Amino acid sequence: MITGASSGLGLELAKQFAQDNYDIALSGSSDRIFEAADTIRDLGVEAYPHKADAATFDGVESFWSFFTELKRPLDAAVLNVGIGLGGAFTDTDLEDELRLVSINISGTVHMTKRVVQHMVPNGRGRILIVSSISATQPTPYETVYGPSKAFGYMFAESLREELRQTGVTVTALLPGATDTNFHSNAGMDSSEIGSSKKNDKVLVAKQGYEALMNDEDHVVGGDEETKQQAEDNRTTPEPVKAANHAKRARLQN
Ligand SMILES: NC(=O)c1ccc[n+]([C@@H]2O[C@H](COP(=O)([O-])OP(=O)(O)OC[C@H]3O[C@@H](n4cnc5c(N)ncnc54)[C@H](OP(=O)(O)O)[C@@H]3O)[C@@H](O)[C@H]2O)c1
């Protein structure tokens, strides 16, 4: 199962699974999820699309019910759905920020709970949590987004240790900026990050898929420069990283 698979990294991750002959249940909030399912079926596997809003408790629960009613085994779960939000914290709408927290944090905890309580009694399963390189630095002008992804990263690493003896593995994917609709949807087109060259989503999805299959605790998704940035972030002081990010994320209009 993959959440947020209408487009972007979720859809590319679905293609990785399809190439290895997995059937896939996939969710999104728009009708594009049905087109995504057609794309996956064209790769020769079965696709089960479900439309629901991952920002609400009922929306998350409805995808889980949809999945369990399929009566199919759950080999892997990809907790991918996530949104961004650019802009100065003094200006952004509280509602938008709380929606981001609902999708990126509450929704991830909710779906992971269902997945873990299903997988552990079976003694097997793989979980991929899509975090971000933003988890390794402060993210001014996306001030709530980065910390929501830091949650996902440490949540994955915590759960991984708890589940070590259960046969269920947990991996975090930390992509650098990637060529999806993400920055545009976050209202960041006019920022330096929004308009600069990004990582190839096919490469990032492949790296995430391989890390999941190889039972790695986490992987940084992207080119060598992105991996070097994540490495540098381990030793660069937070205020320095914050100042660099502010320059790149500040909206120009
Ligand atoms: N792109 C990057 O630069 C980047 C970098 C690091 C991490 N990430 C992470 O990668 C993940 C995927 O993002 P992406 O880059 O692929 O962005 P994207 O192209 O905007 O895709 C987001 C996906 O989530 C779905 N979605 C959005 N809101 C939803 C909601 N309320 N309920 C259900 N589904 C919803 C969308 O489907 P619908 O359109 O059908 O709603 C779409 O399939 C996110 O967790 C993001 O934080 C992205």
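Counting starts at 1 for both ligands and their atoms, in listed order. Keep in mind that what you see is a predicted model, and the values were worked out from it rather than measured.
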Is any side-chain N of the basic residue among [X] and [Y] closer than 4.0 Å to the acidic one's carboxylate O?
{"X": "K51", "Y": "D31", "answer": "yes"}
{"X": "E161", "Y": "R164", "answer": "yes"}
{"X": "E61", "Y": "R114", "answer": "yes"}
{"X": "K197", "Y": "D179", "answer": "no"}
{"X": "E12", "Y": "K15", "answer": "yes"}
{"X": "D215", "Y": "R160", "answer": "yes"}
{"X": "K247", "Y": "E192", "answer": "no"}
{"X": "R99", "Y": "D53", "answer": "yes"}

Would you kindly specify which portion of I83 sits under 4.0 Å from ligand 1, judged on non-hydrogen atoms: side chain, backbone, both or neither?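 For I83, the contact with ligand 1 is made by the side chain alone.
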
Record the part of A52 in heavy-atom contact with ligand 1 below 4.0 Å; permitted values are side chain, backbone, both and neither.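 The part of A52 near ligand 1 is the backbone, not the side chain.
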
Does ligand 1 have an atom under 4.0 Å from some heavy atom of [X]?
{"X": "K149", "answer": "yes"}
{"X": "E12", "answer": "no"}
{"X": "G176", "answer": "yes"}
{"X": "K51", "answer": "no"}

Of V170, I2, L13, which meets side-chain contact (heavy atoms from CB on, under 4.5 Å) against L128?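 It is L13, the one option of V170, I2, L13 that forms the side-chain contact (heavy atoms from CB on, under 4.5 Å) with L128.
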
List the atom of V204, the atom of P175, and the distance in Å for their closest heavy-atom pair.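 Nearest heavy atoms, V204 then P175: CG1-CB, 3.7 Å.
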
What protein heavy atom sits nearest [atom], and how far away is it?
{"atom": "atom 7 (C) of ligand 1", "answer": "S131 O, 3.2 Å"}
{"atom": "atom 22 (C) of ligand 1", "answer": "G82 O, 4.2 Å"}
{"atom": "atom 37 (O) of ligand 1", "answer": "S6 OG, 3.2 Å"}
{"atom": "atom 48 (C) of ligand 1", "answer": "L9 CD1, 4.1 Å"}
{"atom": "atom 39 (O) of ligand 1", "answer": "R32 NH2, 2.6 Å"}
{"atom": "atom 32 (N) of ligand 1", "answer": "A54 N, 2.7 Å"}
{"atom": "atom 47 (O) of ligand 1", "answer": "Y145 OH, 2.7 Å"}
{"atom": "atom 44 (C) of ligand 1", "answer": "N80 O, 3.3 Å"}

Using a plain distance cutoff, I'd like to know if [X] has any nitrogen or oxygen under 3.5 Å from a nitrogen or oxygen of ligand 1.
{"X": "G4", "result": "yes"}
{"X": "I33", "result": "no"}
{"X": "S27", "result": "no"}
{"X": "S132", "result": "no"}
{"X": "I133", "result": "no"}

Selected option - heavy-atom contact closest to [atom], from [options]:
{"atom": "atom 10 (O) of ligand 1", "options": "T3, D53, V130, L11", "value": "V130"}
{"atom": "atom 26 (N) of ligand 1", "options": "L79, L26, V81, D179", "value": "V81"}
{"atom": "atom 30 (C) of ligand 1", "options": "S29, S134, A177", "value": "S29"}
{"atom": "atom 14 (P) of ligand 1", "options": "T180, V204, N185", "value": "T180"}

Would you call the rings of H50 and F63 parallel, tilted or perpendicular if under 30° counts as parallel and over 60° as perpendicular?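 Judged by the thresholds at 30° and 60°, the geometry between H50 and F63 is parallel.
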
Parallel, tilted or perpendicular: which describes the rings of F182 and Y145, with under 30° parallel and over 60° perpendicular?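 Tilted: the ring planes of F182 and Y145 meet at 30° to 60°.
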
Honestly curious: do V109 and V60 fall in one hydrophobic cluster under the side-chain, below-4.5 Å linking rule?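 Same hydrophobic cluster.
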
